[in-house]
Every structure is written in C-alpha cells, then in structure tokens.
Amino acid sequence: MGSYINVPVAPRVQDARRTESIKLYGPDAFEGMRNAGGLTAACLDGVADLVTAGISLSEINSYVLDFAASHNAMPATLGYKGYKGYKGYKYACCTSVNHVVCHGFPNEKKLHDGDIVNVDVTLILDGWYGDSSRMYSVGKPKRAAERLIQVAHEAMMLGIKAVHPGARLGDIGHAIQTHAQSEGCSVVRDFCGHGIGQVFHDSPNILNFGRAGEGLELREGMIFTVEPMINLGRGEVKMLADDWTAVTRDRSLSAQFEHSIGVTADGFEIFTQSAKGLHAPGVKLEEASA
Ligand code: MF3
Ligand code: CO
Ligand code: CO
C-alpha cells in the first residue's frame, strides 16, 4: 500500500490552490509592476516598427531577446512549463498570425501584406512580471480584420474599466462578452487572464465571459491581466500537434490585446500602458505623439 498515501495528495494540493486567498499588493509591488510593465510596453512599441511584409516571426523573437538583454530583463516565456526532460516553451514571445488564437511560435514563417499578428511579451524586471500583447497589421488590413482588432481592443478596455474595489470578476467578463457579441464576434472560452506579480500565472483566473455581479469581489491591491481573445467567427479553438499553438476551429480571424493592471482605491492602474500611446489599434506614431 506504499502508493496509498500518495493518491489523495494531488487533489488536496489542488483544493488548497482553488481556495487560496488572492494576494493583495502594496505600493512597492505597484512600483515594481509599473517598471516591468513599462518595459514590456516599450518593447511592444518597438515591435510596431518591425512589422512589415517579408519579416520573419523569428526576427521579432530576436528583437525581443535583445531588448530584454539590454534592459536587464528576462522574457518569462523562455523555458516556461519546462520540467524534467521537457524543456518547455522555447521563445521570448508569442506571435499569433491571422487565425492563430494564441501561443504561436515565432518561427521562420514570414509576414505577408494583409496579415494581422498578435505579439505577446512578458518581461521579468527585478522579479516583477509585465505581461502585455497587441495586434499589428502588415500593410493595410482588410476591413473585417480592422474591425475585429478594434472590437478586441474595445472589449479589453471595457473589461478593464469595470475594475474597481467592490466590483466582481463577473463584471469584467460580462463587459467583454457583451461587447464582442454585440459586434457579431465571439469570445474564446478556453483561455483567460490571470493573477500576476512575482509569478507569471497566479490565481485568480480572469474569464472573458460571465454574469455581472457574480464571482470574486475585487479589492484594492489585486494585480492581474485582462486579455480577451476575440474571433470573427465562432469561439471554438483547436490545438495543433505542437501542443502550444491554438487556432480557430473555423479558421476565422482571431485578435487579442492584453494589459497587466492593478486595482486601486478608486479604480485601476494599467501597468503596461504605452508611453507613446501605441497600444490602441490604428494609432500611428505621428498621431500618438502629436
Ligand atoms: N503571455 C501569455 C499570457 O498572456 C502566456 C504565454 S505562455 C507561452 O499569459 F509559453 F506560451 F509563451
Ligand atoms: Co497573460
Ligand atoms: Co501575455
């Protein structure tokens, strides 16, 4: 019966995790997140100049690697989920093109005119994790793609704007879902936002759908991401054989934006805001800094 003792252990650990209270952070943590988030945002600002027809996804990866190295930061995705002989995720960022929903590999594939791509970067600076992603278009996107990107950004911002002490997690999901669906788009239910701080993925899960007034009550000092994935067609995803890449089952276009945020006394603070105003879609550098 040597293994008997081991049998109940895993479920108990999971139970503990599920009921674990959510961390509340103070000013030092907010400062750490502001610095890490600001660096991630600056990195994503630089990606905007790179994204042109003919560039390979691996060139974006190299840029993120170099950017991190020259700013004393580490990309959190490198080696992520590695254990025993398995080395985990191998890249400094995720690049998800067109119908790829998330976690696309920055491989040798090239970007083409009309492609849309999400670049998702998490930089660790002084132990704090800044996690953010944006959509970029190569050349002039098709009208439908442009609209999808707009809706995904609006959905994220509406989710974020629902955040204040006393609000509930369901308010965030409800705001995101309602907007996406009112625009004829779908929410991907297989992925969600997450607590973040000095670890990459923490509790709670931040679902991109839900009912207003339901779920965990938000409190000042909570830190998490809001990162809805929105599809032009249906919301179902399919995993590719590489075990990472998620694509839309109907091969419709998918778009995502992500910010790391903190709950403040009267609302929220976005840690991953672009100093150049480049986070919102369709903003050109000249307009943003004007
Ligand atoms: N950055 C993603 C997120 O928003 C996680 C990517 S994990 C990876 O949570 F291993 F796929 F890179
Ligand atoms: Co995230
Ligand atoms: Co991310």
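Just follow the structure's listing: the first ligand is 1, and inside any ligand the first atom is 1. Values in this document were obtained by computation on a predicted structure and should not be read as measured data.
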Legend entry - Option of least heavy-atom distance to atom 3 (C) of ligand 1 (set: Thr40, Thr77, Asp131): Asp131

Legend entry - Identity and separation of the nearest protein heavy atom to atom 7 (S) of ligand 1: Tyr80 CD2, 3.7 Å

Inset, instruction - Could you see which bit of Tyr91 sits under 4.0 Å from ligand 1, with heavy atoms only: side chain, backbone, both or neither? - result: neither

Inset, instruction - Over all heavy atoms of both residues, which pair between Pro75 and Leu65 is shortest? Give the atoms and the distance, please. - result: CG-CD2, 4.3 Å

Inset, instruction - Determine yes or no for a side-chain-to-main-chain donor-acceptor pair under 3.5 angstrom, with Gln256 supplying the side chain and Glu227 the backbone. - result: yes

Inset, instruction - Could you say whether the N/O atoms of His201 and ligand 1 ever approach to under 3.5 Å? - result: yes

Inset, instruction - Measure from the Co ion (ligand 2) to every N/O/S atom of Glu258 and report the name of the nearest one. - result: OE2

Legend entry - Ring center gap for His103 and Tyr80 short of 6.0 angstrom: no

Inset, instruction - Show which atoms of ligand 1 fall inside a sub-4.0 Å distance from at least one heavy-atom site of Thr122. - result: 1 (N)

Legend entry - Residue among Ile223, Thr40, Thr225, Asp131 satisfying side-chain contact (heavy atoms from CB on, under 4.5 Å) with Phe271: Ile223

Inset, instruction - Identify, by atom number and element, the atoms of ligand 1 in contact range of His103, meaning under 4.0 Å from any of its heavy atoms. - result: 5 (C), 6 (C), 11 (F)

Inset, instruction - May I ask you to check whether Tyr89 has an N/O atom sitting below 3.5 Å from an N/O atom of ligand 1? - result: no

Inset, instruction - State whether His201 contributes an N/O/S atom found under 2.8 Å from the Co ion (ligand 2). - result: no

Legend entry - Donor on one side chain, acceptor on other, Ser252 and Asn231, under 3.5 Å: no

Legend entry - atom 11 (F) of ligand 1: the protein heavy-atom neighbour that sits closest, reported with distance to 0.1 Å: Trp244 CZ3, 3.3 Å

Inset, instruction - Check whether any N, O or S atom of Glu227 sits under 2.8 Å from the Co ion (ligand 2). - result: yes

Legend entry - Side-chain donor-acceptor pair present, His99, Thr248, cut-off under 3.5 Å: no

Legend entry - Within 6.0 angstrom of Asn107 CG, more than 12 heavy atoms from elsewhere: yes

Inset, instruction - Starting from the Co ion (ligand 3), look over the N/O/S atoms of Asp131 and name the nearest one. - result: OD1

Inset, instruction - Starting from atom 2 (C) of ligand 1, locate the nearest protein heavy atom and write down its residue, its atom name and how far away it is, to 0.1 Å. - result: Asp120 OD2, 3.4 Å

Legend entry - Whether Lys81 lies under 4.0 Å from ligand 1, heavy atom: no

Legend entry - Modelled atom types, side-chain donor and acceptor of Glu59 and Ser62, under 3.5 Å: no

Inset, instruction - State whether Lys238 and Asp190 are salt-bridged, where the test is any N-O pair (Lys NZ or Arg NE/NH1/NH2 against Asp/Glu carboxylate O) under 4.0 Å. - result: no

